[in-house]
Number of protein chains: 2
Amino acid sequence: MKNEQPRRTTIHDVAKAAGVSIATVSKALNNNGRMQPETRDRIKRAAAELGFRPNALARGLLSKRSFTVGLLTNDTYGRFSLPMMAGVSEALVDHGVSVFLCATNDDPALTHLHIEALLDKQVDGIVFSATRLDRRPHMDLSSLPIPVVYVFAEGPPGSVVIIPDDYQGARIAVQHLIDKGRKRIAHITGPDDYRAVRVRAEAYRDLCGGDEPVLFGEWEESWGHQAVDLLWSRDQAPPDALFCGNDQIARGAIDALRDRNIAIPEDVSVVGFDNWEIVAEQTRPSLTTIDMGMKELGRQAGLAVLTLSKGQSMSGGTRKLPCSLVVRQSS
Amino acid sequence: MKNEQPRRTTIHDVAKAAGVSIATVSKALNNNGRMQPETRDRIKRAAAELGFRPNALARGLLSKRSFTVGLLTNDTYGRFSLPMMAGVSEALVDHGVSVFLCATNDDPALTHLHIEALLDKQVDGIVFSATRLDRRPHMDLSSLPIPVVYVFAEGPPGSVVIIPDDYQGARIAVQHLIDKGRKRIAHITGPDDYRAVRVRAEAYRDLCGGDEPVLFGEWEESWGHQAVDLLWSRDQAPPDALFCGNDQIARGAIDALRDRNIAIPEDVSVVGFDNWEIVAEQTRPSLTTIDMGMKELGRQAGLAVLTLSKGQSMSGGTRKLPCSLVVRQSS
DNA sequence: TTGAAAGCGCTAACAG
DNA sequence: CTGTTAGCGCTTTCAA
């Protein structure tokens, strides 16, 4: 693998080719200042012919804006962060801003290393994201000389935070079951030290009252399975609907229901959470679930850092983005 | 959200504080040139006190190296790319190199946009990755003025390509089954227009001969289910082992076996491919499978661009990294 | 041993 | 309307 480095064409090359000074080239290409349209055209043509592209480093040195932002994430395996990151990237590329990916691996030293590298590179801002909403950075980012936006993560008071609206998401899930005529809706969910779990449970209770219990457990299929066994071994009438805290739990529950020869959705409707498509679509019957719109979260976070990095102010606080219901066959 | 921008401390501030010139500061901090140890110390102390960090833009402008690389990926939902990206990021951060994440979304126009943005930002190199090995970029990257490394993707002849060793991976999977005393090993896999599928099938045939058929299908649980039905409805003795093309197919197969009251691993052993942990661990029994070492692939790709970007040469061609067997309960 | 000066590629005043 | 000049923050000769 050889590696040739032909000197890139600079503004000087364009100036020479067009027979003008570099200042004129600069103005022509940036549509600044006044000049004869003919000159401008000639310069632009010369630039195009030479394939001239302005050096962003030089530009940034002068303008104090690098048109880059950093994206910190601790999620190396998760299924949420990838669409989110894609959303950030997509939102910003249109504005000529590129995104530095920083995998922190939940390691404070590594995080520190990344942040220093980002600051050295003069990033215009930082997007911090985590694997769960109530996770805070291992480091105080609020004293950095650049704006920080938190997405799918907690931030210090007054900061810009963008998260899915878990309450509303749970609400439309339960409302959907109610609309289907279900009367005894149970809620099988994850560990109650997750804030999202508590918020969703609250929405559930607000709609269903306290008749059915909320079953807290693990984010695992086996817990869904187990919870169904629990519910169906009580003395009272079993539920006619299950609202599950995520798609894995829902899948475990569906398996357990099938073992008991309970028809879905005829006898029991099931709704999951996350719209983890690869699971939701393969479950039989395919799973009705809640989509948190991770890509849109990312996009908004991207636009937020962009705004802040331009020095424009924006109101801090937590912005909750609506979830949506994806109806499949399990309800 | 307010947005204060206190001017960053520059080399001039350090020079003033230490009572020397900026040239001396530069040399002191970079351990260049000769000077009294005492002076060097004094300057370093002043720099540390002021929290001075050199501006990478200015440095890059001069040195022609930006200490950044671009990572192009078309994978927005996949489970492979995230560890791979983390590997790239991890390998490079130690060298002060940051990684630009570019989600191309399989859109040629967007890809083009990203590449232009990267070139403008003077990236030292590009890592191209895809969702499947035989996918090539929508664009000719080989004529770029910077080195390009392909990971989990095909590249033009002579380029540096880093992929998992599918043949070896399939081999150790099948060998593991043979070692367990299995005699009739079937292979249920994905669509045969994937090169990885063909390579793995070849390894399987080389070890097992042509007695059992290779069943090509979809990367879906339902196909695993269906394939088991096929195999068990033949007139001949059913297999005593299944080597599946990925973990989803394996899971579908396991479900089908359970439906038939076939004991795993007593009657039939099952081995998957991908080590998609969230699936492999939740399957009952948990799934023995092949790990492609995506993170290591990423790390190597990162180190490769780094080498090339320094102008050092390295031999092109396809480097295959070994897969490993993760033994769980299904075998 | 240290400092002055030039220059990386570009933009923005200010002259001409 | 166009060109000269200064300077962004840094490294690197070259003189002192």
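All figures in this text were calculated on a predicted structure; none of them were measured in a lab. Convention: sequence-line order gives letters A, B, ...; per-chain numbering from 1.
The side chain of B/Met35 lies closest to C/dT1 when the candidates are D/dT2, C/dT1, D/dC10. Taking only side-chain atoms of A/Ala23, from C-beta outward, the nucleotide of D/dT5, C/dG3, C/dC10 with the closest atom is D/dT5.
A/Leu71 CG to A/His114 NE2: the interatomic distance, rounded to the nearest 0.5 Å, is 10.5 Å.
Nearest-nucleotide assignment on DNA chain C puts the 5′-proximal partner with B/Ser21, out of A/Thr9 and B/Ser21. When the nearest nucleotides of DNA chain D are assigned to A/Val20 and B/Arg53 by heavy-atom distance, the more 5′-ward of the two goes with A/Val20. Comparing B/Ala58 and B/Gln36, the nucleotide of DNA chain C nearest to each residue sits closer to the 5' end for B/Gln36.
Residue contacts shown for B/Ser63 are absent, as no nucleic acid heavy atom lies under 4.0 Å away. Within the nucleic acid shown, B/Lys27 comes within 4.0 Å of at least one base atom, counting heavy atoms only. Across all strands, B/Arg59 comes closer than 4.0 Å only to sugar-phosphate atoms, never to a base (heavy-atom distances). At a threshold of 4.0 angstrom between heavy atoms, the contacts of A/Thr10 are confined to the sugar-phosphate backbone, with no base atom among them.
Side-chain contact, B/Arg65 with B/Gln122: no donor N or O sits under 3.5 Å from an acceptor N or O. Between the side chains of A/Asp75 and A/Ser81, at least one donor-acceptor pair of N or O atoms lies under 3.5 Å.
Each of B/Val88, B/Leu321, B/Ile163 was compared with B/Leu297 under the side-chain contact (heavy atoms from CB on, under 4.5 Å) criterion, and only B/Leu321 meets it.
In this model, the phosphate group of C/dT11 is approached by a side-chain N or O of A/Asn30 to a distance below 4.0 Å at OP1 or OP2. The phosphate of D/dT12 has OP1 or OP2 within less than 4.0 Å of a side-chain N or O from B/Asn32. Between D/dG3 and A/Thr24, a contact under 4.0 Å exists linking OP1 or OP2 to a side-chain N or O.
Across the protein-nucleic acid pair, A/Leu61 atom CG and C/dT11 atom P stand 12 Å apart, rounded to whole Å. Nucleotide D/dG7 holds its P atom 22 Å from the CG atom of A/Leu57, rounded to whole Å. Between the CG atom of B/Leu62 and the P atom of C/dC10 there is a distance of 14 Å, rounded to whole Å. Rounded to a whole Å, the CD1 atom of B/Ile11 is 14 Å from the P atom of C/dA4. Separating the CZ atom of B/Arg34 from the P atom of C/dT2 is a distance of 12 Å, rounded to the nearest angstrom. Atom CD1 in B/Ile22 sits about 15 Å away from atom P in C/dG7, given to the nearest Å. The CZ-P distance, from A/Arg65 to C/dT11, rounds to 14 Å in whole Å. Rounded to whole angstrom, the span from the NZ atom of B/Lys16 across to the C1' atom of D/dG9 amounts to 14 Å.
Classified by interplanar angle (parallel below 30°, tilted 30° to 60°, perpendicular above 60°), the ring pair B/Phe100/A/Phe100 is parallel.
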